[in-house]
A.B. asks: 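The structure under discussion is supplied below as structure tokens; questions concerning it will follow.
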Amino acid sequence: MRSVLIAFACGLVFALGLGLSGMVDPRNVLAFLDLAGAWEPNLMLVLGGAVGVYALGARQVLAWPRPWDGLRFQLPTRRKLDPRLLIGAAMFGVGWGLTGLCPGPALPLVPWATLGALVPA
């Protein structure tokens, strides 16, 4: 049960961050990707902040003897780029670039999934 609460708290913080930064609005994402037009650097600041917080937090957490909820840390051991990873990353990037939505911000729109909600004007 504790792991579910930890996952919920992490998801809630992530959702609040996306909402407060305006990244649930596809127009903001598409404006960031529009390098030849009216480019908006806001997403770069959001991404930079997220990477900075993660880098500091991961270093601190991995120094603990064990995680809050578990006997040991479970870190990925695979370092090889395989076709499945590359194809998945390409699909994510193309979908994100075409719609301005990645899965995180898109999930809250599912209950209101009309064509207008999923395709930016």
Side-chain angles (χ1 to χ4, degrees):
M1 180 64 177
R2 185 174 179 178
S3 60
V4 172
L5 293 175
I6 291 171
F8 178 78
C10 290
L12 184 62
V13 169
F14 179 66
L16 289 172
L18 286 175
L20 291 173
S21 66
M23 291 303 119
V24 293
D25 185 351
R27 293 174 294 199
N28 290 338
V29 175
L30 293 173
F32 171 74
L33 297 173
D34 187 11
L35 298 176
W39 183 66
E40 289 285 335
N42 301 343
L43 182 57
M44 187 182 307
L45 298 172
V46 172
L47 291 172
V51 168
V53 168
Y54 172 79
L56 294 172
R59 179 171 275 233
Q60 293 290 92
V61 167
L62 290 175
W64 296 350
R66 66 181 195 89
W68 282 349
D69 188 36
L71 299 175
R72 62 183 174 84
F73 289 103
Q74 297 179 16
L75 301 173
T77 56
R78 228 173 143 176
R79 303 273 185 226
K80 187 177 177 184
L81 297 178
D82 62 358
R84 287 179 57 199
L85 175 66
L86 296 175
I87 291 169
M91 289 172 56
F92 177 90
V94 168
W96 194 44
L98 290 174
T99 65
L101 292 169
C102 68
L107 286 176
L109 296 177
V110 169
W112 299 276
T114 64
L115 187 58
L118 298 176
V119 178

A.B. asks: If I take atom CG from residue Leu98 and atom CG from residue Leu30, how far apart are they, to the nearest 0.5 angstrom?
C.D. replies: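 Leu98 atom CG to Leu30 atom CG measures 9.0 Å (nearest 0.5 Å).
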
A.B. asks: When you group the ILVMFWY residues by side-chain heavy-atom contacts below 4.5 Å and let the links chain together, are Trp68 and Leu62 in the same group?
C.D. replies: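 Looking at the clustering, Trp68 is in the same group as Leu62.
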
A.B. asks: Hydrophobic clusters here meaning ILVMFWY residues chained together by side-chain heavy-atom distances under 4.5 Å, can you tell me if Phe14 and Leu45 are in one?
C.D. replies: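 In one cluster: no.
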
A.B. asks: Rounded to the nearest 0.5 Å, what separates atom CZ in Arg72 from atom CG in Leu75?
C.D. replies: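 Output value for this atom pair is 9.5 Å.
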
A.B. asks: Indicate the atoms forming the closest heavy-atom contact of Val46 with Ser21, along with that distance.
C.D. replies: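 For Val46 versus Ser21, the nearest heavy atoms are CG2-CB, 3.5 Å.
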
A.B. asks: For Phe32 and Pro41, work out which heavy atoms get closest and say how close.
C.D. replies: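 That closest heavy-atom pairing would be CD1-CA, 4.3 Å.
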
A.B. asks: Verify the neighbour count for atom CH2 of Trp64: are there more than 12 heavy atoms of other residues, nucleotides or ligands below 6.0 Å?
C.D. replies: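 Yes, the 6.0 Å shell around CH2 holds more than 12 heavy atoms from other groups.
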
A.B. asks: In Å, rounded to the nearest 0.5 Å, how long is the span from CG of Leu43 to CG of Leu33?
C.D. replies: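 Going from CG on Leu43 over to CG on Leu33, the span is 7.0 Å.
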
A.B. asks: Testing the basics here: between Leu101 and Pro26, what is the closest heavy-atom pair and its distance to 0.1 Å?
C.D. replies: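 So the minimum-distance heavy-atom pair works out to CD2-CG, 3.7 Å.
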
A.B. asks: Do you know the tightest heavy-atom contact between Arg66 and Leu71?
C.D. replies: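 Looking at all heavy atoms of both residues, the closest pair is CB-O, 3.6 Å.
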
A.B. asks: Hey, is Asp25 close enough to Arg27 for a salt bridge, meaning N to O under 4.0 Å?
C.D. replies: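 Salt bridge flag = yes for Arg27 with Asp25.
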
A.B. asks: Looking at every non-hydrogen atom in both residues, tell me the closest pair between Leu85 and Leu81 and how far apart they are.
C.D. replies: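 Closest pair (atom of Leu85, atom of Leu81, distance): CD2-CD2, 3.3 Å.
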
A.B. asks: Considering all heavy atoms of both residues, which atom of Met44 and which atom of Trp39 are nearest to each other, and what is their separation?
C.D. replies: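 Distance-wise, the nearest heavy atoms are CE-CZ2, 3.6 Å.
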
